[in-house]
Amino acid sequence: MGPQALWRALSDDADPPPGARPDKIAGLRLRATHVDPAADLAAVAALGGRFLIPGDEEWPGQLDDLGDARPIGLWVRGTANLRYWALRSVAVVGARACTEYGAHLATTLAAGLAERGWTVASGAAYGVDGAAHRGALAADGATFAVLACGVDYAYPRGHTELLGRIAKQGLLVAELPPGEHPTRSRFIQRNRVLAALTRGTVVVEAELRSGSLVTARRALALGRFTMGMPGPVTSGLSAGVHQLLRGEAELVTDADEVIELVGSIGDLGPQHNGPTFARDLLDPVASRVLEALPARGGADTGHLARESGTPRDLAQNKLVELQSLGFVQKCGTRWELARRTEPTGGSRRGGT
């Protein structure tokens with residue numbers, strides 16, 4: 001029906017909407033008697049905030065993906081432009097009672113995203129949410145919190161200071177008007193807004209029953225990127241993430257890997273490799289000759305040529321090369337291994 005038509009239908013002298021139960025209409029009309037739009041607008045204006053509706057220049061168009069579940073409007077506190085910030089944003093969510101490991105991951109991930117110019121979004125709850133907001137703020141980055149209450153209501157109380165910092169440096173966003181308090185159902189409703197506003201959702205830690213998984217699966221249903229950060233297999237706080245990773249989400253370990261998924265073409269994460277050893281840089285023939293040498297004792301050139309499948313003259317040349325590089329040493333007519341295998345840092349063969 002839309003908000004205006006519904007509001008008119010809730011007036012005492014209006015006909016109820018077709019198909020609506022009388023008890024439902026009575027309950028809605030009772031709630032409507034306490035609504036004071038002018039007071040709500042004045043309250044948010046006093047905080048330096050505003051009320052956005054579809055069609056406003058600042059309205060994030062991706063919320064339209066929610067269809068009939070799209071918010072009627074959003075209350076926003078802060079000076080930044082929500083539409084622009086949401087265009088390059090990632091939701092970082094997870095357990096309230098997170099471990100030190102989860103808090104560390106959330107903080108470093110958020111800081112890394114912020115340093116790369118991405119907005120970090122979360123729900124301002126204890127645990128992973130708070131760590132994500134703090135990581136972004138510490139990196140002087142952008143962050144916004146999607147609340148399950150009014151933008152003037154500090155919840156949880158222990159995050160009063162954090163919410164104040166977010167309002168000053170970032171944005172507080174709520175579907176509910178000023179003065180409204182959170183309830184269990186409102187957290188679930190909040191999660192759909194968080195999922196729709198962002199380009200992707202990363203779950204850091206979550207149990208098998210977790211609101212963070214609701215956010216992640218709503219993001220997946222909306223066609224957003226859904227990601228998870230693995231934890232110890234013995235941790236119940238990672239069990240939900242691991243279940244998500246088994247078929248619904250992409251595994252990520254840092255900000256670069258997140259941006260590689262949600263970013264533009266060319267935003268590639270660095271390639272991670274193990275240590276490179278000196279023998280990794282040898283050409284294939286030299287590697288075969290070296291592998292033909294016994295671990296103990298030595299062997300003559302003819303034996304090594306046969307074992308490596310290499311012509312004798314070529315095997316002799318490669319043995320001299322290996323000697324100059326310090327891999328082998330000559331004892332009379334026999335060759336044996338020299339004891340050295342230090343890593344050479346991050347150098348890679350072929351100049352790549």
Side-chain angles (χ1 to χ4, degrees), residues 60 62 80 82 84-95 98-146 162 165-166 169-171 173 191 194-206 210 212-213 215-216 219-220 222-232 235 237-238 240-242 244-245 248-274 346:
Q62 57 266 46
L82 177 61
Y84 293 148
W85 275 25
L87 289 175
R88 280 175 58 89
S89 65
V90 176
V92 179
V93 298
C98 69
T99 63
E100 291 185 9
Y101 167 82
H104 173 73
L105 284 184
T107 302
T108 54
L109 174 63
L113 290 168
E115 289 168 355
R116 294 281 297 271
W118 284 78
T119 301
V120 176
S122 198
Y126 289 131
V128 167
D129 288 18
H133 290 303
R134 291 189 181 95
L137 292 170
D140 291 326
T143 186
F144 64 80
V146 182
L162 175 62
R165 291 178 61 198
I166 296 172
Q169 188 172 326
L171 291 170
V173 181
N191 290 345
L194 182 58
L197 273 175
T198 52
R199 295 283 296 274
T201 295
V202 183
V203 184
V204 176
E205 280 188 323
S210 170
S212 301
L213 300 183
T215 306
L220 188 68
L222 291 169
R224 309 294 196 264
F225 292 98
T226 307
M227 297 154 279
M229 302 190 81
S235 172
L237 282 169
S238 291
V241 183
H242 295 162
L244 201 65
L245 289 171
E248 301 172 90
E250 296 284 343
L251 188 151
V252 293
T253 60
D254 57 27
D256 289 325
E257 291 177 356
V258 172
I259 295 171
E260 184 171 335
L261 286 173
V262 303
S264 303
I265 294 175
D267 285 336
L268 300 178
Q271 184 176 353
H272 298 293
N273 297 295

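Keep in mind the model is a prediction, meaning the values are calculated, not measured.
The shortest distance between side-chain heavy atoms of Val258 and Trp118 does not fall below 4.5 Å. The shortest side-chain heavy-atom distance between Leu109 and Val252 does not fall under the 4.5 Å cut-off. Side-chain contact check for Pro232 versus Tyr101: some heavy-atom pair is nearer than 4.5 Å. Looking at heavy atoms from C-beta onward, Met227 lies out of side-chain contact with Glu257 at the 4.5 angstrom threshold. Counting only heavy atoms from C-beta outward, the side chains of Val202 and Val93 never approach each other to under 4.5 Å. Using a 4.5 Å cut-off on side-chain heavy atoms (C-beta onward), Pro230 and Leu245 make contact.
Taking all atoms of both residues into account, the shortest heavy-atom contact from Ala195 to Ala219 is CB-N, 3.7 Å. Across all non-hydrogen atoms, the minimal contact from Leu137 to Arg165 is CB-NH2, 3.4 Å. Among all heavy-atom pairs drawn from Leu213 and Ala206, the shortest one is CD2-CB, 4.0 Å. Of all the heavy atoms in Glu115 and Ala139, the pair that sits closest is CG-CB, 4.0 Å. The shortest heavy-atom contact between Val203 and Ala216 is CG2-CB, 3.7 Å. Pairing each heavy atom of Ser238 with each of Gly231, the nearest pair is OG-CA, 3.4 Å.
Of the possible polar contacts, one joining the Glu205 side chain to the Thr99 backbone as a donor-acceptor pair under 3.5 Å is found.
To the nearest 0.5 angstrom, Asp256 atom CG is 11.5 Å from Leu261 atom CG. To the nearest 0.5 Å, atom CG of residue Leu251 and atom CG of residue Leu244 are 10.5 Å apart. Within the model, atoms CG of Leu113 and CZ of Arg88 stand 10.0 Å from one another, a figure rounded to the nearest 0.5 Å. Note that CZ of Arg199 is 11.5 Å distant from OG1 of Thr119, once rounded to the nearest 0.5 Å. Separation of atoms CG (Leu194) and CZ (Arg224) is listed at 11.0 Å; rounding is to 0.5 Å. Interatomic distance, NE2 of His133 versus OG1 of Thr143, reported as 5.0 Å (0.5 Å rounding).
Thr198 pairs with exactly one of Pro60, Ser89, Ser122 by the side chain to side chain contact (heavy atoms under 4.5 Å, CB included) rule, that one being Ser89.
In terms of the salt bridge (charged side-chain N to carboxylate O under 4.0 Å, His left out) criterion, Arg134 has no residue partners (sequence neighbours excluded).
Other residues, nucleotides and ligands contribute over 12 non-hydrogen atoms within 6.0 Å of the CD atom of Gln169.
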